[in-house]
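Here the structure is laid out as structure tokens; the discussion comes afterwards.
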Amino acid sequence: MTSTPAVPATAAVVLDPATRRRVLTCMCLALMLVVAFMPALNLALPDIGLDLSASFTALTWIVDSYTVALAGLVLPLGALGDRVGRRAVLVAGTVVFGGAAFAAVASSSTTALIAWRAVMGLGAAMIMPGTLSTVTAVFPPERRGRAVAIWSACAGVGSILGMLASGALLEWFSWRSIFLAGGCAAAVMALASVLWAPETKDPSPGRFDTTGAVCTALAPGALAYALIAGNEEGWGAPHVVAALAVSVIAGVAYAVLGRRAENPLLDPRLFGVRDFAAGSVTLTVQFMVLFGFYFVGLQYLRLILEYGPLKSAVALVPVALVVVPVSLVAPPLAQRYGVRAVLACGLGLLGSSLVALSLLTAASGYVPFLGSLLLAGLGLGLTGPVGTTAITGSLPADQQGVASAANDATREVGAALGVALMGSVFGNRYRSSLTMDLGGLPEAAADAVRRSPVGGLYVAGRLGPRGTALAEDVRNAFMSGMSAAVVAVAVVTAAAVCVLCTGGRRRKPGGFAGRAEA
């Protein structure tokens with residue numbers, strides 16, 4: 001097999017259809033590798049919690065360190081790929097990703113596991129922007145919409161496949177096998193990228209925006225840290241207040257300095273373009289819902305319904321059966337009814353799925369959960385491809401690396417903040433909802449109950465008949481925490497729908513080929 005020759009970023013039509021399909025397959029597989037590892041550990045949280053004696057806050061960081069690193073670095077690394085070559089950065093990213101995954105196998109503490117997950121996030125940030133930018137570079141405009149829709153659908157399906165693979169591994173092996181499999185998959189992906197992916201780059205990228213890179217990394221990272229640390233240390237803790245201040249200052253600095261920069265990493269004025277702004281808001285909220293849903297929903301399946309790992313993953317498969325066909329019809333719907341109408345409808349369905357989830361009780365069972373899952377699938381199918389196309393269509397062809405990185409950044413920021421917000425609200429409500437007096441338990445056991453539902457159910461299981469009441473109390477506290485967490489994100493979703501419905505100015509930012517909504 002020979003490698004695909006390099007092509008310039010704007011020469012979309014030089015590749016024959018068979019080669020374009022091969023490139024699309026390769027980029028979708030690379031995307032699925034990155035996306036699969038975002039929720040993959042959610043299934044393993046009960047096992048990790050017991051093995052490493054992790055608190056709920058530590059478990060939140062184990063999930064979110066990957067996503068925070070990905071969210072903060074995907075924009076500057078997308079711009080780097082525009083300069084040195086998108087395939088080169090993508091291949092280097094698979095090496096970083098795989099090496100960190102292999103190292104994580106030997107983690108003996110939550111600190112080590114969190115650190116290696118963050119390094120994997122760095123590798124993922126090198127991989128992800130090159131996938132969409134390569135697709136948009138090699139497909140001509142008349143075929144680009146369908147290619148982007150397939151790419152978007154793979155993002156949703158990848159998370160499900162990642163959980164299915166994790167569930168299968170956990171049935172027979174420990175949680176460490178997930179990282180071992182991830183390292184092997186990264187090695188295969190590196191080889192496939194070298195053989196199949198063309199090298200594309202921006203022929204005249206201009207000066208790298210260092211200030212913008214720092215600001216776009218600090219703003220979401222500091223906010224996620226504040227949300228998670230505030231749950232554990234209290235919102236008045238000095239380092240929590242400092243993190244919030246850093247996030248606000250970095251965001252303001254990005255908005256102000258980005259307008260003055262000669263070659264900004266992502267021009268803040270782009271958010272004045274209706275479709276770009278609508279797509280950015282939608283994808284951020286979409287991924288807040290999706291990964292927050294995974295974070296608490298999988299623990300509901302495992303801890304409350306007492307499903308095994310594989311059964312829990314299979315229980316989420318129906319969402320993929322809905323997302324794929326809806327993703328293919330969403331672009332024509334947007335052409336007929338308008339981008340904002342379709343995006344608002346999709347977010348409304350996502351918000352409805354959260355409301356349905358908040359109404360569950362410990363005795364609800366799977367069928368009501370399935371109903372909320374199907375609503376979420378409809379919403380994801382409508383918002384994913386339309387939001388992605390709105391963003392990528394707002395930048396010219398030679399800046400598709402930054403366009404795709406902006407698309408990726410909104411997703412990862414949403415995922416990071418969704419997990420952080422849900423984890424914070426859940427932890428506070430869970431602890432406050434425990435009603436039993438734990439004074440009769442050993443101090444270590446009582447602390448385990450307060451730290452996480454996993455610890456609480458483990459302690460209850462060791463108390464024999466006396467543990468029945470404690471287990472019921474822990475389950476009820478879990479449901480109270482889950483309800484509060486999903487309602488918090490539902491409120492954010494409702495606010496986003498209001499933003500989409502109020503509209504905005506139809507203007508193009510200076511220096512960019514902005515695309516106003518038709």
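Along the sequence shown, residues are numbered consecutively beginning with 1. As the structure is a computational prediction, the values presented were derived from the model and not from experiment.
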**OP:** Go through the steps to decide whether Leu380 and Val322 satisfy the test side-chain contact (heavy atoms from CB on, under 4.5 Å), and finish with yes or no.
**Re:** CA-CA 9 Å; Leu380 292 172; Val322 175; over 6 Å; no
Does any non-hydrogen side-chain atom of [Y] lie less than 4.5 Å from one of [X]?
| X | Y | answer |
| --- | --- | --- |
| Met120 | Val96 | no |
| Ser372 | Leu354 | no |
| Val474 | Tyr430 | yes |
| Val34 | Tyr66 | yes |
| Arg87 | Thr134 | no |
| Leu310 | Leu170 | no |
| Val68 | Pro220 | no |
| Met128 | Leu77 | no |

Under 3.5 Å, is there a donor-acceptor pair linking the side chains of [X] and [Y]?
| X | Y | value |
| --- | --- | --- |
| Trp151 | Thr131 | yes |
| Ser433 | Ser480 | yes |
| Thr361 | Ser364 | yes |

**OP:** For side-chain contact (heavy atoms from CB on, under 4.5 Å), just list the numbers for Trp116 and Val105, CA-CA rounded to whole Å, side-chain angles, deciding distance to a tenth of an Å, and then say yes or no.
**Re:** CA-CA 9 Å; Trp116 286 121; Val105 175; over 6 Å; no
Original post:
Is it the case that more than 12 heavy atoms not belonging to Glu171 sit under 6.0 Å from its CD atom?
Top reply: yes
Original post:
Is the number of heavy atoms from other residues, nucleotides or ligands under 6.0 Å of Tyr366 OH greater than 12?
Top reply: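 It does: Tyr366 OH has more than 12 such atoms within range.
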At what distance, to the nearest 0.5 angstrom, does [atom1] of [X] lie from [atom2] of [Y]?
| X | Y | atom1 | atom2 | result |
| --- | --- | --- | --- | --- |
| Leu375 | Leu349 | CG | CG | 6.5 Å |
| Tyr307 | Arg302 | OH | CZ | 13.0 Å |
| Met479 | Ile304 | CE | CD1 | 6.0 Å |
| Leu333 | Cys345 | CG | SG | 9.0 Å |
| Phe293 | Asn42 | CZ | CG | 12.0 Å |
| Ser193 | Ile127 | OG | CD1 | 8.0 Å |

Which atom names give the shortest non-hydrogen contact between [X] and [Y], and what distance separates them?
| X | Y | value |
| --- | --- | --- |
| Trp175 | Ser107 | CH2-O, 4.2 Å |
| Ala315 | Leu373 | O-CD2, 3.4 Å |
| Ile150 | Cys28 | CG2-SG, 4.3 Å |
| Val386 | Pro331 | CG2-N, 4.2 Å |
| Met38 | Val63 | O-CG1, 4.3 Å |
| Leu421 | Leu227 | N-CD1, 4.1 Å |

Give a yes or no on whether a salt bridge exists between [X] and [Y], defined as a side-chain N under 4.0 angstrom from a carboxylate O.
| X | Y | answer |
| --- | --- | --- |
| Asp64 | Arg117 | no |
| Glu306 | Arg475 | yes |
| Arg176 | Asp47 | no |

Original post:
Is NZ or CZ of Arg462 both nearer than 6.0 Å to the six-membered ring centre of Tyr458 and within 45° of the ring axis?
Top reply: yes
Indicate yes or no for a side-chain donor-acceptor contact from [X] to the backbone of [Y] under 3.5 Å, with no hydrogens or angles considered.
| X | Y | result |
| --- | --- | --- |
| Ser358 | Ser483 | no |
| Gln299 | Phe295 | yes |
| Ser65 | Ile114 | yes |
| Ser177 | Phe173 | no |
| Thr389 | Pro385 | yes |
| Arg431 | Arg450 | no |
| Thr282 | Gly279 | no |

**OP:** Give the C-alpha distance, both sets of side-chain angles, the deciding distance and a yes or no for side-chain contact (heavy atoms from CB on, under 4.5 Å) between Leu283 and Ile391.
**Re:** CA-CA 10 Å; Leu283 292 184; Ile391 292 176; 3.8 Å; yes
Original post:
For the ring pair Phe102 and Phe179, is the centre-to-centre distance below 6.0 Å?
Top reply: no
**OP:** Please find out if less than 6.0 Å separates the ring center of Phe426 from that of Phe478.
**Re:**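 Yes: the rings meet the under 6.0 Å criterion.
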Subject >> Candidate pair Leu52 and Leu113, rule side-chain contact (heavy atoms from CB on, under 4.5 Å), full reasoning >> reply: CA-CA 10 Å; Leu52 302 181; Leu113 186 56; 4.1 Å; yes
**OP:** Have a look at Leu357 and tell me which of Val489, Val487, Val486 forms a side-chain contact (heavy atoms from CB on, under 4.5 Å) with it.
**Re:** Val486
